[in-house]
Amino acid sequence: MPAFTAHAPAKIILFGEHAVVYGHPAIAVPVTSLQARAFIRADVRAPRGQVHLLAPAIQLDAYLEELAPHHPLRRVIELTAERVGASYLPACQITIQSAIPVASGLGSGAAVSVALSRAVAAYLGKSLSAEAVSEIAYEVEKIYHGTPSGIDNTVIALQRAIFFVRGKPIQPLHIQCPFTLVIADSGISSPTAATVADVRAAWQQNTAYYEALFDQIAAIVSEARAFIEKGENSRLGELMNRNQSLLQQLGVSCAELDYLIDVALRAGAAGAKLSGGGRGGNLIALVDPSTSTQVAQSLKEAGAGGVIITTVR
Ligand code: PMV
């Protein structure tokens with residue numbers, strides 16, 4: 001019986017979250033050690049077009065037509081079928097699994113969309129470009145986030161580091177020398193839609209002040225790009241600290257993230273910041289490979305969950 005599997009990685013934003021929503025640049029990289037996976041098996045005994053969806057992590061066990069028209073998984077399947085010119089999906093069972101924690105700034109929703117879209121296209125005998133998959137995932141990001149910049153779906157569909165500006169052609173980022181990050185979960189679940197909406201409300205109230213913060217973030221992103229492309233990774237730590245200070249001023253950090261960032265810096269990280277929507281979710285710390293274990297251990301002892309050491313290349 002034909003079966004198709006597709007994967008997609010998690011992601012982190014290195015620099016520029018929130019400002020990116022307002023047209024400023026940001027840098028994001030995939031995290032390949034955490035993956036979402038979609039598995040499709042044809043079911044020749046099921047009635048024509050019957051699609052059975054299983055996503056054990058969210059206790060989903062349903063037929064496609066039982067899901068609300070705007071259910072993210074239903075939208076991915078329908079948009080993908082439409083894109084490849086199929087009027088329906090031959091009967092099958094689709095299983096979705098993800099090792100990416102939800103609502104934690106790691107792009108779990110976009111990764112599930114990308115993996116599912118690729119698997120559906122393959123099941124229909126087609127392959128979609130990274131750009132096409134990214135566009136489908138972006139439509140679904142709008143359901144999760146309201147006004148997403150598009151950075152999550154882009155970096156996850158491309159599976160490579162990007163310098164991203166909303167609405168502009170994708171710019172892959174060349175990483176001259178690999179560098180090591182510790183990613184640690186504050187354990188606080190924080191939906192991105194809420195922090196993005198709060199920043200928007202504050203920006204509407206006090207536009208000049210927030211634009212000035214966004215401009216400073218944009219300058220950091222451009223400096224970071226130059227250092228990454230030149231392999232001057234030791235300069236990135238200070239930029240992370242400055243970016244974090246601006247995120248605090250935007251009101252998207254929180255006491256727990258600030259505390260864990262301080263722990264990482266005291267344990268020897270060269271710089272640290274929240275990553276993603278903030279007010280919870282994950283932080284990232286730039287480390288020398290020789291101090292990575294010490295920083296990871298200190299973060300765990302301080303209460304962080306899901307601590308990962310990853311090399312960005
Ligand atoms: O929380 P995440 O990983 O989905 O990242 C959101 C990044 C923001 O800049 C806050 C929002 C966006 O759409 O770019």
Side-chain angles (χ1 to χ4, degrees), residues 8-31 34-36 72 98-114 134-135 137-158 161-168 170-171 181 183-203 210-211 213-218 220-221 224 240 243-244 246-254 257 273-284 306 308 310:
K11 73 94 201 13
I12 48 166
I13 296 182
L14 283 183
F15 295 98
E17 48 275 271
H18 286 288
V20 69
V21 175
Y22 299 80
H24 295 288
I27 294 174
V29 298
V31 178
L34 293 174
Q35 297 268 340
S98 176
I100 308 170
V102 296
S104 66
L106 294 175
S108 64
V112 165
S113 296
V114 167
S134 176
E135 280 169 24
Y138 181 64
E139 288 307 308
V140 177
E141 285 293 280
K142 290 187 199 163
I143 304 173
Y144 287 118
H145 285 195
T147 56
S149 64
I151 191 168
D152 281 21
N153 48 285
T154 305
V155 66
I156 288 170
L158 245 69
I162 55 166
F163 179 88
F164 177 87
V165 182
R166 187 173 192 169
K168 295 268 165 65
I170 301 165
Q171 301 181 55
L181 293 176
I183 305 174
D185 197 336
S186 65
I188 301 168
S189 162
S190 174
T192 301
T195 51
V196 169
D198 287 355
V199 171
R200 183 167 297 280
W203 171 78
Y210 281 87
E211 289 290 347
L213 294 179
F214 295 151
D215 286 343
Q216 291 177 67
I217 293 174
I220 290 174
V221 175
M240 278 188 179
N243 195 160
Q244 172 61 18
L246 290 159
L247 287 162
Q248 283 170 334
Q249 291 172 64
L250 283 181
V252 295
S253 196
C254 62
L257 279 169
K273 63 181 277 294
L274 67 84
S275 179
R279 297 236 186 96
N282 278 269
L283 64 101
I284 54 174
I308 302 164
T310 189

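Remember, it's 1-based here, ligands and their atoms both numbered in the order they're listed. Numbers here simply count residues along the sequence, with the first being 1. As the structure is a prediction and not an experimental result, all values here were calculated from the model.
In terms of protein heavy-atom proximity, atom 7 (C) of ligand 1 is closest to Ile13 CD1, 3.5 Å. For atom 5 (O) of ligand 1, the closest non-hydrogen atom on the protein side is Gly276 CA, 3.5 Å. Of the protein's heavy atoms, Ser149 OG, 2.5 Å lies nearest to atom 14 (O) of ligand 1. Residue, atom and distance of the protein heavy atom nearest to atom 4 (O) of ligand 1 are Asp152 OD2, 2.9 Å. Atom 3 (O) of ligand 1 has its closest protein heavy atom at Lys11 NZ, 2.4 Å. For atom 1 (O) of ligand 1, the closest non-hydrogen atom of the protein is Thr192 OG1, 2.6 Å.
Considering only heavy atoms from C-beta on, Val29 stays 4.5 Å or farther from Thr310 through its side chain. For the pair His24/Asp215, a side-chain contact is recorded, criterion being any heavy-atom separation below 4.5 Å from C-beta on. Within the 4.5 Å cutoff, side-chain heavy atoms of Ile162 are placed close to those of Ile151. Taking 4.5 Å as the limit, some side-chain heavy atom of Leu34 sits within range of a side-chain heavy atom of Leu106.
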List the atom pairs, donor and acceptor, that lie under 3.5 Å between side-chain atoms in residues 188-197 and the rest of the protein, sequence neighbours left out.
residue: Ser190; atom: OG; partner: Gly278; partner atom: O; Å: 2.7
residue: Thr195; atom: OG1; partner: Thr192; partner atom: O; Å: 3.1
residue: Thr195; atom: OG1; partner: Gly277; partner atom: O; Å: 3.1

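Per-residue contacts place His18 under 4.0 angstrom from the following atoms of ligand 1 (heavy atoms of the residue considered): 8 (C), 9 (O), 10 (C). Taking a cut-off of under 4.0 Å to the non-hydrogen atoms of Glu17, the atoms of ligand 1 that pass are 9 (O). Counting atoms of ligand 1 from 1 in the listed order, those under 4.0 Å from a heavy atom of Val20 are 9 (O), 14 (O). Near Pro148, with a cut-off below 4.0 Å to any heavy atom, the atoms of ligand 1 are 13 (O). Counting the atoms of ligand 1 from 1 in the order shown, those under 4.0 Å from a heavy atom of Gly277 are 1 (O), 2 (P), 5 (O), 6 (C), 10 (C). Shown in contact with His145 at under 4.0 Å from a heavy atom are these atoms of ligand 1, numbered in order with element: 4 (O).
Residue Val21 touches ligand 1 through its side chain alone, judged by heavy-atom distances below 4.0 Å.
Classification of the Phe214-Tyr22 ring pair by plane angle, with boundaries at 30° and 60°, yields parallel.
Nearest approach of Ala137 to Ser113, heavy atoms of both residues: CB-CB, 3.8 Å. When every heavy atom of Ser104 is checked against every heavy atom of Asp185, the shortest pair comes out as CB-OD2, 4.1 Å.
Residues Gln244 and Ser253 bring a donor and an acceptor atom of their side chains to less than 3.5 Å of each other.
Residue-to-ligand polar distances place Gly105 within reach of ligand 1: an N/O pair is separated by less than 3.5 Å. Note: no N/O pair closer than 3.5 Å links Ile151 and ligand 1 by distance alone.
Within the structure, every pair that satisfies the salt bridge (Lys or Arg N to Asp or Glu O under 4.0 Å) test and touches residues 143-158, not counting sequence neighbours, is listed here: Lys11-Asp152.
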